[in-house]
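Worksheet: one structure, shown below.
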Amino acid sequence: MIDPKILKENIQSCKDNLAKRGYSLDDEKFLSLENQRKDLQTRVEDLQSQKNKLSKNFGELKKSGQSTDVLALELEEIKSQTTDLEKTLSALQIEISFFLMDIPNLISEDTPTGTSEDDNKLIEEYLKPQVLKSDSHLDITDQISLELGNKLSGSRFSVLKGNVAKLHRSLCTYMINQAINNGYEETYVPYIVNYDALEGTGQLPKFEEDLFKLSNDQYLIPTAEVPLTNLFRDQIVDQDLLPIKLTAHTPCFRSEAGSYGKDTNGLIRLHQFDKVEIVQIVKPQDSDKALGEITSHAKSVLEKLELPYRVVQLCSGDVGFSASKTFDIEVWMPSQEKYREISSCSNFSDFQARRSKIRFKENGKNHFVHTLNGSALAVGRTLIAVIENNFNKKLKLINIPKELQNLMDADIIEL
RNA sequence: GGAGAGAUGGCAGAGUGGUCGAAUGCGCUGCCUUGGAAAGGCAGUAUACGGGCAACCGUAUCCGGGGUUCGAAUCCCCGUCUCUCCGCCA
């Protein structure tokens, strides 16, 4: 969430910033709630202070055997006033907290203004696509089955077989090794998390419909960002440990509510997909640099796999709820004849840190850290890209990128 | 699944109705001591919100929620989590 103090003191500039996203901040409501809260809180605390003092007197009178009748009446009076006000105050605090939790992060100054992905800014392109057009991965190999996925689970699930399954596994291993080489600590985490974790990273309360909820009020993770970042929830991290760099390979589960009819063919958009995530937790002044680092780590995986990609910076209307600045990396998908997102690298500034209370102490004062993460990469989509960009229709084979040949024990997949 | 124990500050661990935001130890920070270091001595060291230029003051917080009481870390109820033993099991 946004710092309520900043919001209060710079309400107009916050409102303008959020408007670029298409979020209309009800500033009058906020200020009025805040003023009410402050007024009420002062009154409640005054009463509590009186109550505490009189209670102390009460004890002393009792000890010395004097009458407490007068005091008792006075206390009763204060108490009845207090409880009412306390209830109002806590209701108000909850209302304010909901209000704040609903507001997206402020976008960075250098985020281009725009309303949709059409306004995203092209940053760079790497490699000219060799295969401009190809069959879909589903047509290239019969070792990917959506029918079996459907049989077992429903729509948007897949089953991989044989060398394609092995290629998928090799990609996971390759990517996590790359992350480790880049200084991230490999971490194994739960795939099921609680409400607080999801609130901390910003998925809840607003985006519950995007998640798979279990019957016991836990949720399947939509990304490893959630468990990795929340490892530090409610903690004051030793500043010598910063920057913290973690990676995990996990499946990700997304309900894809609201994407009916979108990307219905193939592995592009499934309820379950694997991803290697890299996360950094840094001091505020280092976060912009860290975003560059994360992005280049994600890019380097594509470069080593010799896949053509481009980098775009998301415009204000396309940046996610919790992020302040985001670069998307898009890989060339020959069957679609266009670039598709394969990684999203974001700086969340102190937004997640404030929600999940991740702080560090410097010069005796506590400060919120900055959190960042990026996919390096989405494995399913990488699999598609490898298959389609290395497909040789004449010879009926898929060339395996050099970097993966060891893990695959082969340099081609015969079809 | 059965039986029991527990949840207190960065950590360990006291505290069973008021003087407790909390002993003590460890850790950490500063100063003294030293040629320098170690050891030792002294002092400081939870979080959030509100007020104040500040020193500082007020309020809340001892897993969460409710209750008893003038007053709760402490007593009662409900919940969550953790641990131990037995059973089962990847």
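Each chain gets a letter, A, B and so on, in the order the sequences are listed, and its residues count up from 1. Because the structure is a prediction, the values reported are computed rather than measured.
The NZ atom of A/Lys87 sits 11 Å away from the C1' atom of B/rG66 (whole-angstrom rounding). A/Asp234 places its CG atom 14 Å from the C1' atom of B/rG9, with the value rounded to the nearest Å. Taking atom CG of A/Asp238 as the reference point, atom C1' of B/rU29 lies 13 Å away to the nearest angstrom. Rounded to whole angstrom, the span from the CD1 atom of A/Ile94 across to the C1' atom of B/rG65 amounts to 12 Å. Rounding to whole angstrom units, CZ of residue A/Arg233 and P of B/rG10 are separated by 16 Å. To the nearest angstrom, C1' of B/rG18 lies 13 Å from CG of A/Leu61. Put simply, CD on A/Gln239 is 16 Å from P on B/rG10, counting in whole angstrom units. The distance between atom CZ of A/Arg43 and atom C1' of B/rA60, rounded to the nearest whole Å, is 18 Å.
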Which atoms of nucleotides 44-54 of chain B (N or O only) lie under 3.5 Å from a protein N or O atom, and what are those distances?
{"unit_1": "B/rU47", "atom_1": "OP1", "unit_2": "A/Lys361", "atom_2": "NZ", "d": "2.5"}
{"unit_1": "B/rU47", "atom_1": "OP1", "unit_2": "A/Asn366", "atom_2": "ND2", "d": "2.7"}
{"unit_1": "B/rU47", "atom_1": "O3'", "unit_2": "A/Arg359", "atom_2": "NH1", "d": "3.2"}
{"unit_1": "B/rC49", "atom_1": "O2'", "unit_2": "A/Gln41", "atom_2": "OE1", "d": "3.3"}
{"unit_1": "B/rC49", "atom_1": "O2'", "unit_2": "A/Gln41", "atom_2": "NE2", "d": "2.6"}
{"unit_1": "B/rG51", "atom_1": "OP1", "unit_2": "A/Lys38", "atom_2": "NZ", "d": "2.0"}

Collect all protein-nucleotide pairs involving nucleotides 67-77 of chain B in which both atoms are nitrogen or oxygen and the distance is under 3.5 Å.
{"unit_1": "B/rC70", "atom_1": "O2'", "unit_2": "A/Ser55", "atom_2": "OG", "d": "3.1"}
{"unit_1": "B/rG71", "atom_1": "OP1", "unit_2": "A/Lys79", "atom_2": "NZ", "d": "3.4"}

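Around CD of A/Glu86, the count of heavy atoms belonging to other residues, nucleotides or ligands within 6.0 Å exceeds 12. Environment of CD in A/Gln239: crowded, with over 12 heavy atoms of neighbouring residues, nucleotides or ligands closer than 6.0 Å.
A donor-acceptor contact shorter than 3.5 Å is absent between the side chain of A/Arg169 and the backbone of A/Leu407. Here the side chain of A/Gln280 pairs no donor or acceptor atom with the backbone of A/Leu372 at under 3.5 angstrom. Side chain of A/His271 to backbone of A/Arg254: a donor-acceptor contact under 3.5 angstrom is found.
B/rG4 sits 32 Å from B/rU61 when the P atoms are compared, rounded to a whole Å. Using C1' as the reference atom, B/rU33 and B/rU84 are 50 Å apart when rounded to the nearest Å. Taking the P atom of each, B/rA73 and B/rC62 are spaced 7 Å apart, rounded to whole Å. To the nearest whole angstrom, the two C1' atoms, one in B/rG52 and one in B/rG58, are 12 Å apart. Rounded to a whole angstrom, the distance from the P atom of B/rU24 to that of B/rG44 is 11 Å. Taking atom P in both B/rC78 and B/rU19, one finds a spacing of 29 Å when rounded to whole Å. The separation of B/rA48 from B/rC11, taken at their P atoms, amounts to 15 Å, rounded to a whole angstrom. Using C1' as the reference atom, B/rC70 and B/rG15 are 23 Å apart when rounded to the nearest Å.
When ring centroids are compared, A/His367 and A/Phe360 come within the 6.0 Å threshold.
A heavy-atom distance below 4.5 Å is not found between the side chains of A/Glu277 and A/Thr250. Using a 4.5 Å heavy-atom threshold, the side chains of A/Ser356 and A/Thr201 count as separate.
In this structure, B/rU24 forms a base pair with B/rA12, meeting either the Watson-Crick or the G-U wobble geometry with both donor-acceptor distances under 3.5 Å. When both distances must be under 3.5 Å, the Watson-Crick or G-U wobble mate of B/rC89 does not exist. Across the strands present, B/rG18 finds its partner in B/rC70; the criterion is a Watson-Crick or G-U wobble pair with both atom distances under 3.5 angstrom. With a cut-off of 3.5 Å on both Watson-Crick or G-U wobble distances, the partner of B/rG40 is given as B/rC32. The pairing partner recorded for B/rC49 is B/rG58, the criterion being a Watson-Crick or G-U wobble arrangement whose two distances lie under 3.5 angstrom. B/rC83 is paired with B/rG4 under the Watson-Crick or G-U wobble criterion, all donor-acceptor distances under 3.5 Å.
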Determine, stepwise, if the pair A/Phe321 / A/Phe351 fulfils ring-ring contact (aromatic ring centres under 6.0 Å, His included). CA-CA 10 Å; A/Phe321 178 79; A/Phe351 189 83; 5.6 Å; yes

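Note on A/Asn52: only backbone sugar-phosphate atoms sit closer than 4.0 angstrom, heavy atoms only; bases stay farther off.
In this structure, A/Ser49 reaches the B/rU59 phosphate: one of its side-chain N or O atoms is under 4.0 Å from OP1 or OP2.
For residues 7-41 of chain A, the ring pair (Phe, Tyr, Trp, His ring centres under 6.0 Å) pairs, not counting sequence neighbours, are A/Phe30-A/Phe99.
A donor-acceptor contact closer than 3.5 angstrom links the side chains of A/His249 and A/Asp274.
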